[in-house]
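To keep things clear, I will list the structure first and then write my remarks on it.
Just so it is clear: chains get the letters A, B, ... in the order the sequence lines come, proteins before strands, and each one is counted from 1.
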2 protein chains.
Amino acid sequence: MSLDIDSALQLRRNQSLTSIIRHELEQMIERGELSAGERLNENALAAKLGVSRGPIREACRGLEQSGLVNVIVNRGVFIRALDGREAAELYEIRAALYGLAGRLLAPIVTDQQIAILTGYVEEMDAAMAAGDLNSFYPGNLRFHEAIVEFGGNTRLAAECAAIHREMHLLRRRTLDMPGRMATSNDEHRAILERIAARDPIGAEAALEEHVLISRSALFGPLGHYPDA
Amino acid sequence: MSLDIDSALQLRRNQSLTSIIRHELEQMIERGELSAGERLNENALAAKLGVSRGPIREACRGLEQSGLVNVIVNRGVFIRALDGREAAELYEIRAALYGLAGRLLAPIVTDQQIAILTGYVEEMDAAMAAGDLNSFYPGNLRFHEAIVEFGGNTRLAAECAAIHREMHLLRRRTLDMPGRMATSNDEHRAILERIAARDPIGAEAALEEHVLISRSALFGPLGHYPDA
DNA sequence: CTTTTGCTGATTGTCAACAGTTTAAGATTC
DNA sequence: GAATCTTAAACTGTTGACAATCAGCAAAAG
């Protein structure tokens, strides 16, 4: 019984209102409840969450630094809108980071980790066969998360997660296109195969290519920036 | 005359106390006036800067998100200390990002940009000949900054700058070792040569190697983590 | 009719005060 | 003398209030 109390206290102990609110706002952005360009009203948010404006302002300063919102002095904080150029830039960085993750993982991957990754790919196969995008997406997410985590560079994992969060500022999602599911999972299989072969260079190349193909699916084959 | 007024207004227009304080704290960390592990006293800082605690707390939440400080609930904000593992992780990421920058720049570099980069290398040569570390360091900084900026990915440039700021949390600096200056500039010359040859792969490799050699100079030839 | 000027309400920036927690020093016990 | 308990000072978390700024609209000037 005291477990609940303890865990609640533990939660309260290293989470201030600020961090709770920041996390809540991050999730609202991830779920698309806050759309790009929208303005956050401090008073309204404070009233809605039952807190004062102080913690909300602090949370917004954190979000600003992680690129999720834009703060304009005396005008407020706005959910950041990624234009085509910024999105393309982010994809380039993401490709390099995932490539690094694959290169790090390949030499040290364990058989158990390979099994886990294989499981994710098979999950995605099943989702694909059922045409179920809603269960494909989380599998896809966990597959990529696992690769960067197994790679052992915890900071890299955090950085990839941050970029992933920022990607939600894009309205169109690559995977929204049903046709992309099949080819995407083919690429996953290729990535997995190179990792299982303990081939750092091959894994790096496969992951970079995978991300850049995603970008192409969004921007067209040239990876060109739609709006300057 | 109105130029001064305009620029002053412009300054005041997009700089709140929070952003000014954050910038000031970043610079204090960069200059080493705040050393790793040290605690920031909100009251003392507020008194010293002549503001209230609100803007200071907001600035600290920004610094927290960019990894420069560590916030512990009810205990305060502490200048973050990079242990060996975290530093090594950061070097790995940095190597990948600079490699990307070089790969991006090589195909599009202009003759004028090559001239600028050459100028930096020659500046560093002069500083080296004079044994003047204090003028070698800024040249080194500008050389790397220029490469990521000329590469055209502004977000990548911002990310590299953020990582560079975070590196100042390390006490020992690679370039502190005088013997490293000469070899370091040899590497710069190799990087420049590959960029001038419009060779993306070569430039990427040269930049990655340069960063990883810096890491070795810090951690020993194996790039191994001194403290777990 | 268009442009400018002057309000009004809403919203943000900043501050000072209060409540709860941590820290550290002093008192007490063994 | 060492360890533990007590207590007060210091500090952080949070709040509500005040000042400054901005957006929108109506009235006046051209």
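By the 30° and 60° cut-offs, the orientation of the rings of A/His210 relative to A/His188 is perpendicular.
Remark: C1' of C/dG13 and CD of A/Glu64 are 14 Å apart, rounded to the nearest angstrom. In this structure, the CG atom of B/Leu45 is 14 Å from the C1' atom of D/dC11, given to the nearest Å. If you take CG of A/Asn43 and P of C/dT14, they are 16 Å apart, rounded to a whole angstrom. One can place CD1 of B/Ile72 at 9 Å from P of C/dT23, the figure rounded to the nearest angstrom. Rounded to whole Å, atom P of C/dT21 lies 13 Å from atom CG of A/Leu17. The distance from atom CZ of A/Arg53 to atom C1' of D/dA20 is 12 Å, rounded to the nearest whole Å. Taking atom CG on A/Leu40 and atom C1' on C/dT11, their separation rounds to 13 Å, with Å as the unit. B/Phe78 has its CZ atom 11 Å from the C1' atom of C/dT22, to the nearest Å.
Phosphate proximity of D/dG13 to B/Arg61: present, with a side-chain N or O under 4.0 Å from OP1 or OP2. The phosphate of C/dT11 (OP1 or OP2) has no side-chain N or O of A/Arg75 nearer than 4.0 angstrom.
There is a side-chain donor-acceptor pair under 3.5 Å between B/Arg22 and A/Gln65. Defined by atom type and a distance below 3.5 Å, a donor-acceptor pair is present between the side-chain atoms of A/Glu89 and B/Thr154.
Set against C/dT11, D/dT14, C/dT14, the side chain of A/Glu58 has D/dT14 as its closest nucleotide. Taking only side-chain atoms of B/Asn74, from C-beta outward, the nucleotide of D/dC11, C/dG13, C/dT21 with the closest atom is C/dT21. Of the candidate nucleotides C/dT14, D/dC11, C/dA17, D/dC11 has the atom lying nearest to any side-chain atom of B/Asn41. For B/Glu42, the side-chain atoms get nearest to D/dG13 when compared with the rest of C/dC15, D/dG13, C/dT12. Looking at the side chain of A/Pro55, the nearest of the listed nucleotides C/dT12, C/dC15, D/dT15 is D/dT15.
Atom CD of B/Glu33 has more than 12 neighbouring heavy atoms from other residues, nucleotides or ligands inside a 6.0 Å radius.
Contacts of B/Ile56 with the nucleic acid, taken as non-hydrogen atoms under 4.0 Å apart, are absent.
Judged by distance alone, with hydrogens and angles left aside, the side-chain atoms of B/Glu86 form a donor-acceptor pair with the main-chain N or O of B/Asp83 at under 3.5 Å.
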